[in-house]
Structure formats: C-alpha cells, structure tokens
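All figures in this text were calculated on a predicted structure; none of them were measured in a lab.
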Amino acid sequence: MILDKTVKTKRTTKGSLLRFAVVGFSNFVIISLTVWVMMDLLEQHYILSNICAYTLAIVSSFVLNKVWVFCSDSKNLGREILLYLSAFGCAYVAQFLFMWSLIEFAGMNEYLAQFLGLFIFGTVNFLMNKLLTFQH
C-alpha cells in the first residue's frame, strides 16, 4: 500500500514537473519577448523591462498551473491566489537578486543574466507551488 502511494507520487511529480516545464517555456517566451520589445524597441531600462515581463507572465501561469499542472480542484480560489502570489514573489525576488548581481557585480550581459535568472525563478516557483499553493 505504501509502495503504491510512493510510485504514484513519483509518477504524479514527474508528470507535473513536465507540464510545469511546458508552462515555464511559455513564460520564457512571454518574458523574453517582453524584455526584448521593452529594451530594444522601446529603449526601456532592464529593471522596468524585467518587472513588466514577469507581471505579464503571472496571469497565464496561474491559470495553467491551477488547471493543468497541479490539477487543483480547491474551492478556495482566494487562498490559492494569495499563496501563488507569495510563491511568485519569492521566486521573483530570488531571480531578480541573482540577475541584478550578475549584471552589477559580475558585469554580465543583461540579456544573458535575464535568461539565467529564469532557472532560479523556475526552481523556486515549482517547489513553492507544489509544496504550498496547490498541495493535495
């Protein structure tokens, strides 16, 4: 009985991790295009570009994560939104500090630092949403 639950949990985690990666890729596209448009075409500062990009990605990400990745049937939407925003906030701060440090202290290219920050964001965001926001 315990072994069956462990196997099911691993399978569910693998499936949700794969779906999370697909959602993450769609966010990558949204974020990358927004950063490019704002920095190159609109000549905006990298910080404003970063904030706008992640803000656009959060709405689609919440819906896809709730419905498709974690298949949450919770009736407490307000609680999920609050926890999701908290997870997003923690993940965003982690990636922002990482990106900012790479640019300001290591002199890294702004585009490369933005890209690398996505991996920090994705890891923190997945763990917090799996363990807190959409837990069963």
Novice: Do Phe70 and Lys66 have side-chain heavy atoms sitting under 4.5 Å apart?
Specialist: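 Counting from C-beta outward, Phe70 and Lys66 never come under 4.5 Å.
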Novice: Starting from Phe20, can I reach Val59 by hopping between I/L/V/M/F/W/Y residues whose side chains sit under 4.5 Å apart?
Specialist: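 Linked, Val59 and Phe20 end up in one cluster.
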Novice: Rounded to the nearest 0.5 Å, what's the gap from CZ on Phe98 to CD1 on Ile120? Could you check?
Specialist: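 Separation between the atoms: 4.5 Å.
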Novice: Considering all heavy atoms of both residues, which atom of Ile31 and which atom of Ala57 are nearest to each other, and what is their separation?
Specialist: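 Heavy atoms only, the tightest pair is CG1-CB, 3.9 Å.
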Novice: Between the side chain of Asn50 and the main-chain N/O of Tyr46, is any donor-acceptor distance below 3.5 Å?
Specialist: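 Flag not set: sc Asn50 to bb Tyr46 has no pair under 3.5 Å.
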Novice: Can you confirm whether Tyr54 sits close enough to Phe121 that some side-chain heavy atom of one is under 4.5 Å from a side-chain heavy atom of the other?
Specialist: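 Tyr54 reaches Phe121 side chain to side chain.
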Novice: Could you tell me which residues satisfy ring pair (Phe, Tyr, Trp, His ring centres under 6.0 Å) with Trp68, sequence neighbours excluded, listed by chain and number?
Specialist: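 Once residues adjacent in sequence are excluded, Trp68 has no partner under the ring pair (Phe, Tyr, Trp, His ring centres under 6.0 Å) criterion.
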Novice: With respect to Phe88, which candidate in Val93, Val124, Ile58 satisfies the side-chain contact (heavy atoms from CB on, under 4.5 Å) definition?
Specialist: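 By the side-chain contact (heavy atoms from CB on, under 4.5 Å) criterion, Phe88 pairs with just one of Val93, Val124, Ile58: Ile58.
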Novice: Find the distance between CD1 (Ile30) and CG (Leu56) and round it off to the nearest 0.5 Å.
Specialist: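 So the CD1 of Ile30 and the CG of Leu56 are separated by 7.5 Å.
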Novice: Quick one: are Val23 and Arg19 in side-chain contact, heavy atoms under 4.5 Å?
Specialist: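 Contact flag for Val23/Arg19 side chains = no.
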Novice: For atom CZ of Phe25, decide whether the heavy atoms of other residues, nucleotides or ligands shown that lie under 6.0 angstrom number more than 12.
Specialist: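 No - once you tally the heavy atoms of other residues, nucleotides and ligands closer than 6.0 Å, there are 12 at most.
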Novice: Would you say Asn65's side chain and Ser61's backbone share a donor-acceptor pair under 3.5 angstrom?
Specialist: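 Yes; judged by distance alone, with no hydrogens or angles, the pair exists.
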Novice: Starting from Leu127, can I reach Tyr92 by hopping between I/L/V/M/F/W/Y residues whose side chains sit under 4.5 Å apart?
Specialist: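 Shared cluster, yes.
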Novice: Under a 4.5 Å cut-off applied to non-hydrogen side-chain atoms, are Leu48 and Met38 in contact?
Specialist: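 Heavy-atom side-chain distance check passes, below 4.5 Å.
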Novice: Taking Leu112's backbone N and O only, do any of them form a donor-acceptor pair with Gln114's side chain (distance below 3.5 Å, no angle check)?
Specialist: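 Side chain of Gln114 to backbone of Leu112: no pair is present.
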Novice: Between Ser32 (side chain) and Val29 (backbone), is there a donor-acceptor pair under 3.5 Å?
Specialist: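 Between the backbone of Val29 and the side chain of Ser32 there is no qualifying donor-acceptor contact (under 3.5 Å).
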